[in-house]
Amino acid sequence: MPELPEVEVTRRSVVNDITGARIQHLQMGKPLRWPLGIEPQKLQGQTVLGVRRRGKYLLFDLDGGLLLVHLGMSGSLAFFANNAKPPGPHDHFDLGTDKGLLRLHDPRRFGAAVWAASEQDPVAQKLLGHLGVEPLGPDFNVKDFHAGLKTRSAPIKQVLLAGDLVVGVGNIYASETLFLAGIRPTTRAKKISRPRAEKLYKAIIEVLNKALGQGGSTLRNFSNVRGEAGHFQVLANVYDRAGQPCRVCATPIRGLVQGQRSSYFCPTCQKP
DNA sequence: ATTCTCACCTGCGGGC
DNA sequence: TGCCCGCAGGTGAGAA
């Protein structure tokens, strides 16, 4: 489910609720992708200092360490200021605090909550160390982006998804940004010229910001911590629109599979 | 070093 | 109605 916009929407919707909260209890459900890595009771009494985002990870800064949360494919967070229901069969991580209960709901359990002493902790570095630049941050620039593309022979769609050049672009927004840039998903990254790299660079920023403004995309069940869905999906130009007419030129959108992930493109608007 | 494939897990929609 | 299949917003590990 969640790509950068959804994770950032989640962060923004929870940061005021959780910042300053003192952890009172922690309850785990079924195992998630990775173990928490600490005895849950050792988090009791710690205070949440803030919530940051790195790629698709949420970083809860505690006064005694760091809690990394990933939403996987089907995860979402909910915050209950009071009277939360008991955890359901897909609620696998409950963080009870004096300000309310933060709950990770994740049917497929590809998500995770991982404790690390700090960002330099090997546990954190294993997850964050290889991540590329933040596309909505000050370090994202055309020059470095194009230089990075030049070193990769893989199809551009898969380079975007890999997250080691630029983070946060997942399966929906990869197809959408490539449509906006007029580049086919199969185009080899190193073949992309500087002008086209610049179009793609701008498209990434534009698409992610637009999705943020729509509260993200809700295909099945994504919502922010107040249970509100996103609306970007209805604005998608190509994602999940195989066979439907391109919104620009009416050519039927094509679908294909790359690296076991579906891609979508307009054969007229997007050039190899 | 980079690229590719697999694995993890559950639910849902489509076709028969 | 019910079963089976394929597919779903991610990503680390291991192989090639």
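Every chain is numbered from 1 and lettered A, B, ... according to where its sequence line falls, protein lines coming before strand lines.
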Exercise. Would you kindly give the CG-to-C1' distance between A:Leu160 and C:dG10, to the nearest whole Å?
Key: 15 Å
Quiz prompt | Residue list, side chain to side chain donor-acceptor pair (under 3.5 Å) with A:Asn171, at least two apart or on another chain | solution = A:Lys157
Quiz item: So which nucleotide from B:dT10, C:dG9, C:dT11 ends up closest to the side chain of A:Ser262?
Solution: C:dG9
Exercise. Return yes if a side-chain donor-acceptor contact under 3.5 Å exists between A:Tyr173 and A:Glu6, otherwise no.
Key: yes
Quiz item: B:dG11 phosphate, OP1 or OP2: any side-chain N/O from A:His90 under 4.0 angstrom?
Solution: yes
Exercise. Treating Ile, Leu, Val, Met, Phe, Trp and Tyr as nodes and any side-chain heavy-atom pair under 4.5 angstrom as an edge, say whether A:Phe80 and A:Leu71 lie in one connected cluster.
Key: no
Quiz prompt | Presence of A:His70 side-chain N/O under 4.0 Å of C:dG10 phosphate oxygens OP1/OP2 | solution = no
Quiz item: Would you say A:Lys126 reaches C:dG12's phosphate, i.e. side-chain N/O to OP1/OP2 under 4.0 Å?
Solution: no
Quiz item: A:Asp164 CG to C:dG10 C1': how many Å, rounded?
Solution: 14 Å
Practice problem: Answer yes if A:Ile192 and A:Val169 sit in the same cluster of Ile, Leu, Val, Met, Phe, Trp and Tyr residues linked by side chain heavy atoms under 4.5 Å apart, and no otherwise. | Solution: yes
Self-check item: A:Leu161 CG to B:dT2 C1', straight-line distance once rounded to whole Å
Solution: 16 Å
Exercise. Grab the two heavy atoms, one from A:Ser13 and one from A:Asn224, that are nearest each other, plus how far apart they are.
Key: OG-CB, 3.5 Å
Quiz item: Among the nucleotides C:dG12, B:dT10, C:dG9, which one has an atom lying closest to any side-chain atom of A:Arg109?
Solution: B:dT10
Exercise. Under 4.5 Å between side-chain heavy atoms, chaining through other members, with only Ile, Leu, Val, Met, Phe, Trp and Tyr counted: pull out the rest of the cluster around A:Phe265, sorted by chain and number.
Key: A:Leu256
Quiz item: Quick one: salt bridge (charged side-chain N to carboxylate O under 4.0 Å, His left out) partners of A:Glu228, sequence neighbours excluded?
Solution: A:Arg226
Practice problem: Using the P atom as the reference point in each nucleotide, state the distance between C:dC7 and B:dT5 in Å, no decimals. | Solution: 16 Å
Quiz item: Got a sec, which residues hit salt bridge (charged side-chain N to carboxylate O under 4.0 Å, His left out) with A:Asp164, two or more places apart in sequence or on another chain?
Solution: A:Arg152
Practice problem: Under 3.5 Å for both distances, Watson-Crick or G-U wobble, that's the pair rule; now give the dot-bracket for DNA chain B, with | marking pairs to another strand and [ ] for crossing ones. | Solution: .|||||||.|||||||
Quiz item: Can you name the residues that form a salt bridge (charged side-chain N to carboxylate O under 4.0 Å, His left out) with A:Asp121, not counting sequence neighbours?
Solution: none
Quiz item: Which is true for A:Phe232 with a 4.0 Å heavy-atom rule: it touches a base, it touches only sugar-phosphate, or it touches nothing?
Solution: nothing
Quiz item: Atom CG of A:Leu68 to atom C1' of C:dG12: distance rounded to whole Å?
Solution: 15 Å
Quiz item: If you check every side-chain atom of A:Lys30, which of C:dT11, C:dG10, B:dT10 has the closest atom?
Solution: B:dT10
Self-check item: Rounded distance in Å - CG (A:Asp106) to P (C:dT11)
Solution: 13 Å
Quiz item: What string of B, S and - do you get for nucleotides 3-8 of chain B, 5' to 3', if B is base contact, S is sugar-phosphate-only contact and - is no contact with any protein heavy atom under 4.0 Å?
Solution: S-SB-B
Quiz item: Side-chain N or O of A:His92 less than 4.0 angstrom from OP1 or OP2 on B:dC9?
Solution: no
Exercise. Rounded to the nearest angstrom, tell me the gap between atom CH2 in A:Trp34 and atom P in C:dA13.
Key: 8 Å
Exercise. Counting heavy atoms from C-beta on, name the nucleotide in C:dG12, B:dT10, C:dG10 closest to the side chain of A:Leu127.
Key: C:dG12
Quiz item: side chain to side chain donor-acceptor pair (under 3.5 Å) with A:Gln258: which residues, sequence neighbours excluded?
Solution: A:Ser263
Quiz item: By the rule that ILVMFWY residues connect when side-chain heavy atoms come within less than 4.5 angstrom, directly or transitively, which residues belong alongside A:Leu49?
Solution: none
Could you go over nucleotides 12-15 of chain B and give all protein N or O partners under 3.5 Å, atom names and distances?
none

Self-check item: Qualifying residues under salt bridge (charged side-chain N to carboxylate O under 4.0 Å, His left out), relative to A:Asp61, sequence neighbours excluded
Solution: A:Arg52
Exercise. Report the hydrophobic cluster partners of A:Tyr57, with the cluster defined as I, L, V, M, F, W, Y residues connected by side-chain heavy atoms closer than 4.5 angstrom, directly or transitively.
Key: A:Trp34, A:Leu59, A:Leu66, A:Leu68, A:Val114, A:Val123, A:Leu127, A:Leu128, A:Leu131, A:Val167
Quiz item: Would one find a side-chain N or O of A:Tyr57 under 4.0 angstrom from OP1 or OP2 of C:dG12?
Solution: yes
Quiz item: Between atom NZ in A:Lys190 and atom P in B:dA1, what is the gap in whole Å?
Solution: 16 Å
Quiz item: Quick one: A:Leu4 CG to C:dG10 P, roughly how many Å, whole number?
Solution: 11 Å
